[in-house]
Amino acid sequence: MKVLVIGSGAREHALCRSLSLDPAVTALHCAPGNAGIADVAELHPVDALDGAAVAGLAKKLDAALVIVGPEAPLVAGVADAVREAGIPCFGPSKEAARLEGSKAFAKDVMAGAGVPTARSYVCTTPEEVDAALDAFGAPYVVKDDGLAAGKGVVVTSDIEQARAHALACGRVVIEEFLDGPEVSLFAVTDGETVVPLRPAQDFKRALDGDEGPNTGGMGAYSPLPWADPKLVDEVQETVLQPTVDELRRRGTPFSGLLYAGLAITSRGVRVIEFNARFGDPETQVVLARLKTPLAGLLLAAANGTLTDLPPLRWSDDAAVTVVIASHNYPGTPRTGDPIEGLADVADQDAPDAYVLHAGTRRDGDAIVSAGGRVLSVTATGADLAQARERAYAAVGRVRLDGSQHRTDIAEQAARGGAA
Ligand code: AMP
Ligand code: GLY
């Protein structure tokens, strides 16, 4: 099977790595990709947001499956363009991707499906904003309605900051603060059948101890030894299946990857947000543990045949990923710095630890930084402590001037605590 992956992050590198290990995949392409993905897939310089160009490339390559990684192309309708060209595509339609593209739409779907989430108001005027902030009290949670690359949410006890963010965004969702550890649970769905993957936890703040600004994600681990073993079944029943059923009922079936961002509160599980694609960096640890070949799973979702698929097989290993980010991330990152030590990781840590690339590009013989999140160093082990040790040993071999990473990814969980 010839497969084309759209995107250029560590998530797409993780997808491509798994696909490259799947014997059913005879040719692997990626557009636009990055310097690391080039090791496992042939790269094509296509604008990921241009549906006609992506569909044209898929036709030219005779792809049997296109996998759209990031949210922006999905929200732009790239999956629709690929399907209209007659090629199976993993990723929701433009309409269904609104589950991620509009927080207000997601709230409406959850209300229709009876899915537990924070109480919220959609606000467009200063009066509505003030009334909503007043209704919930501190800490305030203010979310830009549209896509904001993980940076549209402000959680603060400072009412002036909350108000300023709301006014800067225009249309916002203001909601009740949810207390409790967060879990990311992904499900593969064809619009009807829902196959949950294993839960992971992401570290969204830039600095150790969950300090500093929100980011796209600075690290992740799986499994979650502290979580209730019934969590996946419960979320499948109360969140994932009802949401997929509701979207089908509305005439906009969701096929692809449904990402539930959850808070485990004292009053039960609540949805913080939905995303319409694999999460980054959680995908790196979830796929590190998946033993079922990936291409067949994603093709079954694209073709509507998930119900025929045998149960997924998982490794008992634990996985940890640590993101190495550029100087100044999540502000405007410094780019163009050379990355050294990648060969040392390949020589000394493989196959237990490996580097997945995000913002990198080739510059002559060198590989240089080209974005905010640069690398996602991923490791597996018999337990979280071993996976963590291996991940940080590999991080220690990578040199990138001015770079930053968190030193506490999976630390508490490896010691037996919650997050
Ligand atoms: P989102 O983009 O909706 O995932 O929000 C980014 C981060 O903001 C989440 O991972 C949470 O850490 C935090 N957050 C979002 N909504 C809430 C909420 N209602 N209560 C507490 N924290 C929240
Ligand atoms: N890890 C958070 C996200 O992918 O949105």
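All ligand and atom numbering here is 1-based and tracks the order in the structure.
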Do any heavy atoms of Arg270 fall under 4.0 Å from ligand 1? no

Ligand 2 to Asp202, heavy atom cutoff 4.0 Å, flagged ligand atoms 1 (N), 2 (C)

task: Please check if any side-chain donor atom of Asp202 sits under 3.5 Å from a side-chain acceptor atom of Ser184, or the reverse.
output: no

Report yes if some N/O of Leu178 lies less than 3.5 Å from some N/O of ligand 1; otherwise report no.
yes

Near Glu182 (heavy-atom distance under 4.0 Å), the atoms of ligand 1 are 9 (C), 10 (O), 11 (C), 12 (O)

**Asked** Would you say the side chains of Asp352 and Thr380 form a donor-acceptor pair under 3.5 Å?
**Response** no

- Message: Between Asp108 and Arg98, does any NZ, NE, NH1 or NH2 come within less than 4.0 Å of an OD or OE carboxylate oxygen?
- Response: no

Taking only non-hydrogen atoms of Glu175 and a 4.0 Å limit, the atoms of ligand 1 in range are 16 (N), 17 (C), 18 (C), 19 (N)

Quick note on ligand 1: atoms under 4.0 Å from a heavy atom of Lys204 include exactly 4 (O), 10 (O)

> Looking just at side-chain N and O atoms, do Thr124 and Glu128 make a donor-acceptor pair shorter than 3.5 Å?
Replying inline: yes

Are Asp317 and Arg289 ion-paired here, with the side-chain N under 4.0 Å from a carboxylate O?
no

Notebook entry, point to check: Does even one non-hydrogen atom of Ala220 get within less than 4.0 Å of ligand 2?
Noted result: no

Atom 8 (O) of ligand 1: of Ile174, Ile272, Val154, Val153, the nearest heavy atom sits on Val153

Problem set entry | Ionic contact status for Glu273 with Lys103, cut-off 4.0 Å | yes

Q) Hey, what's the ring geometry for Phe186 with Phe278, parallel, tilted or perpendicular (30° and 60° as the breaks)? A) perpendicular

With heavy atoms and a 4.0 Å threshold, my read on which part of Lys143 contacts ligand 1 is side chain

query = Is the Lys NZ or Arg CZ of Arg277 less than 6.0 Å from the centre of Tyr259's six-membered ring, within 45° of the axis?
reply = yes

Numbered in order shown, the ligand 2 atoms found under 4.0 Å of a heavy atom of Gly216 are 1 (N), 2 (C)

Counting from 1 in the order shown, the ligand 2 atoms closer than 4.0 Å to a non-hydrogen atom of Gly279 are 4 (O)

If we number the atoms of ligand 2 from 1 as shown, the ones under 4.0 Å from a heavy atom of Asn275 are 5 (O)

The answer for which part of Arg277 has a heavy atom under 4.0 Å from ligand 2 is side chain

At under 4.0 Å between heavy atoms, what of Glu282 touches ligand 2? The answer is side chain

Nearest heavy-atom approach of Phe203 to Ala410 is CZ-N, 3.4 Å

Minimal heavy-atom distance between Ser157 and Tyr140, with the atoms involved, is O-CE1, 3.8 Å

Taken to the nearest 0.5 Å, the spacing of Asp144 CG from Ser102 OG works out to 10.0 Å

Under 4.0 Å from one or more heavy atoms of Lys103, ligand 1 contributes atoms 1 (P), 2 (O), 3 (O)

ask   = Contact between Pro281 and ligand 2, counting heavy atoms under 4.0 Å?
value = yes

Heavy-atom proximity to atom 7 (C) of ligand 1, picking from Val173, Val271, Asn214, Val142, points to Asn214

The atoms of ligand 1 lying under 4.0 Å from a heavy atom of Phe177, numbered in the order shown, are 20 (N), 21 (C)

Exercise. Please verify whether a non-hydrogen atom of Phe278 lies at under 4.0 Å from ligand 2.
Key: no

(message) Measuring from non-hydrogen atoms of Gly217 to any atom of ligand 2, is the shortest distance under 4.0 Å?
(response) no

Going by distance alone, is a donor N or O of one side chain under 3.5 Å from an acceptor N or O of the other, for Gln284 and Asp280? yes

Ligand 1 atoms nearer than 4.0 angstrom to some heavy atom of Val141 are 16 (N), 17 (C), 18 (C), 19 (N), 20 (N)

Here the gap from Leu294 atom CG to Asp22 atom CG, rounded to the nearest 0.5 Å, amounts to 7.0 Å

